[in-house]
Amino acid sequence: MMKKKIFNISSLMIAVVTLAALSSCKKDGNPNNLPAVSSAQYEGKIDGYSSSDEIYPDNLVAYWSFDGTNNETKTGTAPTTTSGASFIPGGVKGQALSLNAGFLYYATQLNAFKTDAFKSFTVSTWVQILNNGSKRTMLMQLARPGMLNGNLDFNLNTNNNPASVTNYLRINPTFATVGGGRQDNVNAFGAVNVSPAIGSNVWVNLVLTYDGTTGFFHIYGDGVRIGNYPGRGTGNNLFKSYEPSEVIIGGNYNTIPGKTVNADVSYAAMTGNIDEIRIFNKVLPDAHIKALFNLGKAGK
């Protein structure tokens, strides 16, 4: 006699429900219903940007393009005095500033650099320069009238090596502190000392960042952190942008005739080329500093 097959209705219903659940969990590839992305939107871009101008534009408080003008472009401020300065083709973007034992001096207090406005910052610039074996170079200074040292000294120790040394440039920026002293960083005196390659025809991107909360002061060369002593402390060691201040590109007061403040002769007016000085009122993240470098190398 044949045995009848007995179906367990409960088990069958559970199996059907399980299969339905599994089917409903199948990924559709766009669970959040995000809009479609076209690769064409990124064509020709570098690190997501079409131009250096797109990087933190709302925090860019001072900019020198040197594309046929020495004016600071955000305010239109023109230099009070210039010496040994001309424009050359072949800059990072358009023309560049060429200094032959020269400088630009702005006897103006820019609002962006007043004490309450300027606490954290990023300074980015491109430079073509050689060591000289005898004199330091002040790439840029937020100067304090009547004083050799400024609120911020973007100092290059071009005196440390002869012009034949192109694999090392000592970068030694300093700043004024709340307590009246000075702090610095340098890409020397560490377990590992790193420098970008330099040369009279080599554009190098140098960047400084300072965090007014933590006191960290970083140096970057061609998009890479190279400062050996970034932790500068807080409290009385924090940066202060004293007023009034002025701007000098390529020198300090002792390199400007009629403005000498003491007998120091360690600096000479700059010989070299500068382009694209950008000053932001915040610390740019590392990825954006790298983007500035990559965009500049591409002429963007």
Side-chain angles (χ1 to χ4, degrees), residues 36-74 85-99 104 112 121-131 137 139-140 154 156 158 166-169 171 173 187 194-210 218-227 249-250 270-300:
V37 176
S38 171
S39 60
Q41 293 176 315
Y42 295 92
E43 290 178 1
K45 294 192 176 184
I46 295 175
D47 296 334
Y49 294 105
S50 299
S51 166
S52 300
D53 298 333
E54 296 177 357
I55 296 181
Y56 284 91
D58 294 340
N59 296 100
L60 182 67
V61 296
Y63 175 44
W64 285 262
S65 69
F66 299 120
D67 199 6
T69 179
N70 287 323
N71 290 7
E72 190 286 306
T73 62
K74 301 290 287 186
S86 61
F87 298 113
I88 59 170
V92 175
K93 290 177 64 179
Q95 294 177 306
L97 173 68
S98 182
L99 294 175
L104 306 179
F121 56 78
T122 298
V123 181
S124 172
T125 188
W126 290 80
V127 61
Q128 291 179 331
I129 198 165
L130 290 171
N131 289 300
T137 300
L139 184 57
M140 178 181 178
F154 204 149
L156 307 178
T158 46
T166 57
N167 64 350
Y168 194 80
L169 173 68
I171 306 158
N187 62 326
V194 178
S195 170
I198 61 172
S200 57
N201 295 308
V202 178
W203 282 112
V204 178
N205 182 220
L206 300 180
V207 175
L208 307 179
T209 67
Y210 179 79
H218 288 292
I219 304 170
Y220 296 76
D222 286 349
V224 178
R225 276 191 195 178
I226 58 176
I249 296 172
M270 181 175 170
T271 294
N273 304 322
I274 311 176
D275 203 8
E276 293 291 299
I277 298 179
R278 295 173 182 268
I279 303 181
F280 302 83
N281 63 358
K282 70 168 292 160
V283 175
L284 265 59
D286 284 8
H288 293 81
I289 292 171
K290 187 70 173 181
L292 276 175
F293 168 65
N294 289 332
L295 288 160
K297 293 295 284 186
K300 296 184 177 185

**Q.** Contacts of type side-chain contact (heavy atoms from CB on, under 4.5 Å), residue Ser98, not counting sequence neighbours
**A.** Ser86, Ile88, Asn273

(Q) When you measure from the side chain of Thr122 to the backbone of Leu284, do you find a donor-acceptor pair of N or O atoms at a distance under 3.5 Å? (A) yes

Q.
Between Ile171 and Leu139, does the side chain to side chain contact (heavy atoms under 4.5 Å, CB included) criterion hold? Intermediate values first, please.
A. CA-CA 10 Å; Ile171 306 158; Leu139 184 57; over 6 Å; no

Q. Are Tyr63 and Pro57 side-chain neighbours, meaning at least one heavy-atom pair lies under 4.5 Å?
A. no

Q.
Is any side-chain heavy atom of Asp67 closer than 4.5 Å to one of Lys93?
A. no

Q: Go through the structure and list residues passing side-chain contact (heavy atoms from CB on, under 4.5 Å) with Ala62, not counting sequence neighbours.
A: Trp64, Glu72, Phe113, Ile279

Q: Using atom types as modelled and distance alone, determine if a side-chain donor or acceptor of Asp275 lies under 3.5 Å from a backbone N or O of Val92.
A: yes

Q) Nearest heavy-atom pair of Phe66 and Ile274: which atoms, and what distance? A) CD1-O, 3.8 Å

**Q.** Ser52 to Leu292 - nearest heavy-atom pair and separation
**A.** CB-CD2, 4.0 Å

Q.
Are Met270 and Leu156 packed together at the side-chain level, in the sense that at least one heavy-atom pair is separated by less than 4.5 angstrom?
A. no

Q. At what distance, to the nearest 0.5 angstrom, does CG of Leu97 lie from OG1 of Thr69?
A. 10.5 Å

Let me have the donor-acceptor pairs involving side chains of residues 293-300, under 3.5 Å, with sequence neighbours excluded, atom names and distances please.
unit_1	atom_1	unit_2	atom_2	d
Asn294	ND2	Asp47	OD2	2.9
Asn294	ND2	Lys290	O	3.4
Lys300	NZ	Gly44	O	2.4

Q: Could you please spell out the steps behind the side chain to side chain contact (heavy atoms under 4.5 Å, CB included) verdict for Thr166 and Leu130?
A: CA-CA 7 Å; Thr166 57; Leu130 290 171; 4.2 Å; yes

Q: Tell me, please, which residues at least two apart from Tyr168 pass ring pair (Phe, Tyr, Trp, His ring centres under 6.0 Å).
A: none

Q) Between Ser65 and Thr73, does any side-chain donor sit less than 3.5 Å from a side-chain acceptor? A) no

Q. Where do Ile289 and His218 land on the side chain to side chain contact (heavy atoms under 4.5 Å, CB included) test, with the steps shown first?
A. CA-CA 12 Å; Ile289 292 171; His218 288 292; over 6 Å; no

Q. Partners of Thr209 by side chain to side chain donor-acceptor pair (under 3.5 Å), sequence neighbours excluded?
A. none

Q | Contacts of Tyr210 that satisfy ring pair (Phe, Tyr, Trp, His ring centres under 6.0 Å) - sequence neighbours left out | A | Phe121, Phe175, Phe239

Q) If you take all heavy atoms of Ala96 and Gly91, which pair is closest and at what distance? A) CB-CA, 3.8 Å

(Q) Could you check whether any side-chain heavy atom of Val207 comes within less than 4.5 Å of a side-chain heavy atom of Ile219, counting everything from C-beta outward? (A) no

Q. Got a sec, which residues hit side-chain contact (heavy atoms from CB on, under 4.5 Å) with Asp286, two or more places apart in sequence or on another chain?
A. Tyr220, Arg225

Q) Got a sec, which residues hit salt bridge (Lys or Arg N to Asp or Glu O under 4.0 Å) with Lys282, two or more places apart in sequence or on another chain? A) none

**Q.** For Asn281, side-chain contact (heavy atoms from CB on, under 4.5 Å) partners two or more places apart
**A.** Asn59, Val61

Q. Distance from Ile55 atom CD1 to Leu60 atom CG, nearest 0.5 Å?
A. 10.5 Å

Q: Taking side chain to side chain donor-acceptor pair (under 3.5 Å) as the test, write out the residues that go with Ser50, two or more places apart.
A: none

Q | His288 vs Tyr49, side chain to side chain contact (heavy atoms under 4.5 Å, CB included): CA-CA, chis, key distance, verdict | A | CA-CA 10 Å; His288 293 81; Tyr49 294 105; 2.9 Å; yes

Only pairs under 3.5 Å count here: list side-chain donor-acceptor contacts from residues 199-206, not counting sequence neighbours, and write none if there are none.
unit_1	atom_1	unit_2	atom_2	d
Trp203	NE1	Gly90	O	3.1
Asn205	ND2	Ser124	OG	3.3
Asn205	ND2	Thr125	O	3.0

